[in-house]
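Worksheet for the structure shown next.
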Amino acid sequence: MKFPYLKEAIKSVFKKPSTEIYPIVNKEAPEGYRGKINYYPEKCVNCGMCIRVCAPGCITRTIEKTEEGDKITFNFYQGQCTFCSLCADFCPRGAIELTKNYHLAVTDEKDLLVSGTFIKKLPPKPPVQPQQQVQNQQNQGAAKTE
Amino acid sequence: MFKKLIEKSFEKSPWLFHLNTGSCNGCDIEIVSVITPRYDAERMGFKLTGSPRHADIILVTGPITSQSRDRLIRTLAQVPDPKVVVSIGSCPRSTNVFNGSYSVEGPLDKYVPIDVSIAGCPPKPEAIIDGLAKAIEILREKRRAMK
Ligand code: SF4
Ligand code: SF4
């Protein structure tokens, strides 16, 4: 009679158990793991590339007009994210990052929302010339042609 | 005294029921890997059961397709109270990439309140263990509240 796995079985008797005692010993995610999203609003330029490439459409943007400029809010709803990292790859400014944090079990839905707000300043208005000066210039121009 | 013992053992060993409502099998494999010797959720008392009538915690995966919707409702109705609904992955939470499809009738919270949601596509087995630990606390609270 043959016991094909006998060697393996005897070896395993003296091995340590292969169970990872997870909550007691914390485990690092492997390099390159795509977990919780980090968004850095100060780097973002509001180009909208991330919204364009996101397949499930979990990125939403709201734009509010204020005095200093446009107040732009990006919301990443991780309950709808596939963690594909396309948004991070396509972002030209590196404003999105998928971290190695995988602790995404929540009891409150709102904890899955990552959002960031920044204010995009309007371009400075060209200085308005006083009315008098403009007329003078025009008069001078007219005088020259005469 | 006997009753007390039963009460205590109830809390220490919740039974799981895995309900697939049309998922891509990613999350299902992760649930199965939680039960394997490597992650071994059974050391914390979780046991996968085959019948919804025996279950305390229901793990729902998938975006709820039209085919599986009636089965989902029927299965959820068979689970005795108090029950804890755990959504695994992004699909039951929000229907994920299938959002707006003609054959998807999710998300899950249209049909039943979700107690614990685990985000990820699929979530890591460690994240599922995290979620189950939260589910146990909720189950305990619900049991106390029923008494
Ligand atoms: S990781 Fe993928 S699914 Fe998630 S926000 Fe980025 S593009 Fe969208
Ligand atoms: S792709 Fe990057 S820079 Fe462009 S809107 Fe998205 S986060 Fe901002």
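Values reported hereafter were calculated over all heavy atoms of this structure, with side chains retained and with hydrogens, waters and symmetry mates removed. Residue numbers start from 1 in every chain, and the chains themselves are labelled A, B, ... in the order their sequence lines are given, proteins ahead of strands.
Top candidate by heavy-atom pairs under 4.5 Å with chain A, chosen from Gly131(B), Gly120(B), Ala135(B), is Gly120(B). Top candidate by heavy-atom pairs under 4.5 Å with chain A, chosen from Ser94(B), Gly100(B), Ala133(B), is Ser94(B). Contact tally against chain A (heavy-atom pairs below 4.5 Å) for Ile88(B), Val116(B), Thr36(B): the top residue is Val116(B).
Here Lys100(A) contributes atom NZ and Lys124(B) contributes atom NZ; the two are 10.0 Å apart, rounded to the nearest 0.5 Å. Going from atom CG of Asn96(B) over to atom CZ of Phe83(A) covers 9.0 Å, rounded to the nearest 0.5 Å. Of the inter-residue distances, the one linking Glu20(A) atom CD with Arg38(B) atom CZ reads 4.0 Å to the nearest 0.5 angstrom. The distance from the CG atom of Leu112(A) to the OG atom of Ser90(B) is 8.0 Å, given to the nearest 0.5 Å. Residue Ser87(B) holds its OG atom at 9.0 Å from CD of Glu109(A), rounded to the nearest 0.5 Å.
Other residues, nucleotides and ligands contribute only 12 or fewer heavy atoms inside 6.0 Å of the CZ atom of Arg93(A). Shown here is Lys142(B), whose NZ atom has more than 12 heavy atoms of other residues, nucleotides or ligands within 6.0 Å. Counted within 6.0 Å of CD on Glu42(A), heavy atoms from surrounding residues, nucleotides or ligands total more than 12; the atom is thus considered enclosed. When the shell of 6.0 Å around CD of Gln67(B) is examined, it contains 12 or fewer heavy atoms from other residues, nucleotides or ligands. By the 6.0 Å contact criterion, OH on Tyr33(A) is enclosed, its count of non-hydrogen atoms from other residues, nucleotides or ligands being greater than 12.
Under the 4.5 Å side-chain criterion, counting only non-hydrogen atoms from C-beta, Tyr22(A) is in contact with Asp130(B). Considering only heavy atoms from C-beta on, Arg93(B) comes within 4.5 Å of Tyr77(A) through its side chain. Side-chain contact between Pro23(A) and Ile129(B) is present, with at least one heavy-atom pair separated by less than 4.5 Å.
Contact detail for Cys81(A) and Cys121(B): the closest heavy-atom pair is O-CB, 4.0 Å.
Heavy atoms closer than 4.5 Å to chain A are found in the backbone of Asp115(B), but not in its side chain. Looking at Ile138(B), the atoms closer than 4.5 Å to chain A (heavy atoms on both sides) all sit in the side chain, from C-beta outward.
Taking hydrophobic clusters as Ile, Leu, Val, Met, Phe, Trp and Tyr residues chained together by side-chain heavy-atom distances below 4.5 Å, Ile114(B) shares a cluster with Phe17(B). Cluster annotation: Met44(B) is connected to Ile128(B) through the hydrophobic network of ILVMFWY side chains, with a link wherever side-chain heavy atoms come within less than 4.5 Å. Placement of Ile31(B) and Val60(B) in two distinct hydrophobic clusters is found when ILVMFWY residues are connected by side-chain heavy-atom separations under 4.5 Å, directly or transitively.
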Side chain to side chain contact (heavy atoms under 4.5 Å, CB included) between Ile21(A) and Arg43(B), intermediate numbers included: CA-CA 9 Å; Ile21(A) 41 173; Arg43(B) 77 200 133 99; 4.1 Å; yes
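Not a single donor-acceptor pair under 3.5 Å links the side chain of Lys27(A) to the backbone N or O of Glu126(B).
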